[in-house]
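Here the structure comes first, spelled out in structure tokens, and everything after it is commentary.
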There are 2 protein chains.
Amino acid sequence: MSSLTLYTPAGVLAKSQPLKRAAKRLGQLGFEVEIDADALARHQRFAGDDATRLAALHRVAEAAPSVALASRGGYGLTRLLDQIDWALLARAVERGTRWVGHSDLTSLHLGLLAHTKLRSAEAFGLWAGPLACDDFGREEAEGGVDEITRDCFVEAMQGLLEAVGFRTEAGFDGLHARGTLWGGNLCVLNSLLGTPHFPKIKGGILFLEDVNEHPYRVERMLLQLAQAGVLQAQKAVVLGEFSAWKKSPLDRGYTLKSAIAAVRERCPGLLILTGLPFGHVPTKVCLPVGAKMDLVVQGREALMIWGPDPAHHQHAHDCDEACSHEAEHEAKRPSSR
Amino acid sequence: MSSLTLYTPAGVLAKSQPLKRAAKRLGQLGFEVEIDADALARHQRFAGDDATRLAALHRVAEAAPSVALASRGGYGLTRLLDQIDWALLARAVERGTRWVGHSDLTSLHLGLLAHTKLRSAEAFGLWAGPLACDDFGREEAEGGVDEITRDCFVEAMQGLLEAVGFRTEAGFDGLHARGTLWGGNLCVLNSLLGTPHFPKIKGGILFLEDVNEHPYRVERMLLQLAQAGVLQAQKAVVLGEFSAWKKSPLDRGYTLKSAIAAVRERCPGLLILTGLPFGHVPTKVCLPVGAKMDLVVQGREALMIWGPDPAHHQHAHDCDEACSHEAEHEAKRPSSR
């Protein structure tokens, strides 16, 4: 049975019920769940003051559970970045910990890539994935926990998930790119630009998502990454969901597609794929941040495959289906591989 | 009579009336107003496609009017930054042009500081100030054009404005700092971080404002500037208005003051003053971006004074009053100067 600690490094939990629901559900899935002592701490909009949250993060690292799952994101890790003991968090990974989450947790993942050797270690210790309350804490009336999110998470935490598949747009048939997977929330990632916490990764596969950001803001952030030379240094950019933004009467036909087109126009040769099931949406895959992976596309079927030996990968999670099928995974491999 | 060209480098003008009202009012103020041929162009949410807006910007630069006043901000200059002929815009300044605006225009000002010698030239060619439609295009029913905004603008464009005064918070009595004034919209400024368009200014006086940004986002942007080493390299940071943000039930007492306190805590020794009448609000002063200036505080009265010889400064604009008073200006100078 895997040990799993729930902790709250950023925004405050307004209620305790979602955390309790998440703990119960994760217990039913076979995890030995522990809730950090300060998971429900409150200080203004934060889950405790900075010292409390930093201590919680370090406490989790010292305990080194199999899974360190953040209860929610929000805003808060930015305040801690200069004080986090990155080596301590990396040592937890060496002892087997998987740091899981998305949104504000992007800065934890990217800070670890920037400050430690985790990138080259391929330790699979950083996972872009669910947040306890947002995903496992959802009420049944709201649809409960998404099955794909749940299954992907369980497989990933067992070390069994070795690929994810999704349907992308036409135009990438035959693509095969290999690089370090990195990324997360676009806004949080950009908030690290120019700071020591931004990892310098070249030849990578950069995945991005965001929420509540109008496409013009998404475009501005992507163009900043382009003007900073980050985008063009990647083998590919894979876009997840950009959700919950509101149209403006001034848009006059400008959409997220227009934003992506504008970025493509300015970065000739850069591959920007869409359709990754990841973001502030119920259905999200788990992705190993910092791992070397292969991105292969056949027709419109994209597959992200990681692990030391692609020939041994047998657990793909195809999000067009609810579970993984080895045969299907095999079938999706382009003949060129 | 000063020539003044209205042009639209970023967001589309939904209606033509505000531009017409602005042109009329500016004419009444004594400017010889010209409206650029594409000021009302439309392409999605932009005032014409990128080529159209870039051509308009370069056309204005070639004509080199006394005043190049943007009709509005919005989003759009980011798309042009890599293509702007910065030297052409700087030559216009040498010929006497003042580039005026705020919001998205921040990237034009900062790009000029990053790419040309305007910073050291002290040419007073870049002015953070009103936008034609937002300020001079306001309907009388909405209060019309703000008197301070109008008077500051007219004085600045005549070369007569040499200082602005405002009431800041307690704790800065006796302050005297000298440095290059730079800054503008926080979000736009941060969108340049890590790119070639971000000017590397040390020992400066950095002014910042924003609109529609929750304090936690303001804090995140300021902390990014701190983590990037930008804030600590400045003599002082002067905050304008942070307007039109909405409280969240999760704030639980967290406010803009909390955000500023958090930044101060992380940047010991850094002077962060508040109260600058500038931003997305009706009342805004004009500020010479790139100029060397003195920031002096006596009691809670702050004064920003620029120009080659502070002894000759006789036109302060005090925003606690509606017009400038030399005697008052004199009275405000700390005895140490």
Side-chain angles (χ1 to χ4, degrees), chain A residues 10-14 42-46 49-50 72 74-83 104 107 111 187-188 190-198 212 214-217 219-230 247-255 258-259 261-263 265-266, chain B residues 10-14 42-46 49-50 72 74-83 104 107 111 187-188 190-198 212 214-217 219-230 247-255 258-259 261-263 265-266:
Chain A
V12 67
L13 294 183
R42 294 167 167 224
H43 173 73
Q44 296 175 341
R45 58 182 297 114
F46 306 95
D49 62 18
D50 297 353
R72 68 167 288 232
Y75 168 73
L77 279 164
T78 306
R79 287 184 163 200
L80 307 183
L81 295 178
D82 285 344
Q83 300 170 73
D104 206 37
S107 60
C187 197
V188 173
N190 274 40
S191 80
L192 303 177
L193 259 176
T195 82
H197 311 299
F198 191 86
N212 293 325
H214 190 283
Y216 88 79
R217 296 176 69 108
E219 180 187 312
R220 183 164 62 194
M221 290 189 276
L222 291 172
L223 289 184
Q224 179 175 15
L225 290 175
Q227 290 165 8
V230 174
K247 289 183 183 181
S248 152
L250 286 176
D251 290 338
R252 304 179 65 258
Y254 175 89
T255 62
S258 319
V263 179
E265 195 186 319
R266 277 155 190 80
Chain B
V12 68
L13 295 182
R42 293 168 168 223
H43 174 72
Q44 295 175 341
R45 58 182 297 116
F46 306 95
D49 62 19
D50 297 353
R72 67 167 289 230
Y75 168 74
L77 280 164
T78 307
R79 287 185 164 200
L80 307 181
L81 295 178
D82 285 343
Q83 300 171 73
D104 206 38
S107 59
C187 197
V188 173
N190 274 41
S191 80
L192 303 176
L193 259 176
T195 82
H197 312 297
F198 191 87
N212 293 326
H214 190 283
Y216 88 79
R217 297 176 69 108
E219 180 187 311
R220 185 165 59 193
M221 290 189 276
L222 291 172
L223 288 185
Q224 179 176 15
L225 290 174
Q227 289 165 7
V230 174
K247 289 184 184 180
S248 152
L250 285 176
D251 290 338
R252 305 180 64 257
Y254 175 89
T255 63
S258 320
V263 179
E265 195 186 320
R266 276 154 191 80

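Quick note on labels: first sequence line is chain A, next is B, and so on, each numbered from 1.
Contact annotation for A/D251: both backbone and side-chain heavy atoms come within less than 4.5 Å of a heavy atom of chain B. In this structure, chain A has no heavy atom under 4.5 Å from any part of B/T255. For B/R220, the parts lying near chain A are the backbone and the side chain together; criterion is any non-hydrogen pair under 4.5 Å. Using a 4.5 Å cut-off between heavy atoms, B/R217 touches chain A through its side chain atoms alone. Both the backbone and the side chain of A/L250 come within contact range of chain B, each with at least one heavy atom under 4.5 Å from a heavy atom of that chain. Of the atoms belonging to B/H43, it is backbone heavy atoms, and not side-chain ones, that fall under 4.5 Å from chain A. At a 4.5 Å heavy-atom cutoff, the contact between B/E219 and chain A is made by backbone and side-chain atoms alike.
Taking CG of B/L223 as the reference point, atom CG of A/L192 lies at 11.5 Å (rounded to 0.5 Å).
Side-chain atoms of B/Q224 come within 3.5 Å of backbone N or O of A/L193 as a donor-acceptor pair.
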Kindly indicate, with the supporting measurements, whether the criterion side-chain contact (heavy atoms from CB on, under 4.5 Å) is fulfilled by B/R79 and A/E265. CA-CA 11 Å; B/R79 287 185 164 200; A/E265 195 186 319; over 6 Å; no
Should A/T78 and B/Q227 be marked as a side-chain contact (heavy atoms from CB on, under 4.5 Å) after you check the CA-CA gap, both sets of side-chain angles, and the distance that decides it? CA-CA 9 Å; A/T78 306; B/Q227 289 165 7; 4.2 Å; yes
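In terms of heavy-atom pairs under 4.5 Å with chain B, the best-connected choice from A/G74, A/G253, A/S191, A/G194 is A/S191.
Between A/Y75 and B/Y216, the ring-plane angle classifies as tilted under the 30° and 60° cut-offs.
Every residue two or more places apart in sequence or in another chain was checked for a salt bridge (charged side-chain N to carboxylate O under 4.0 Å, His left out) with B/D82, and none qualifies.
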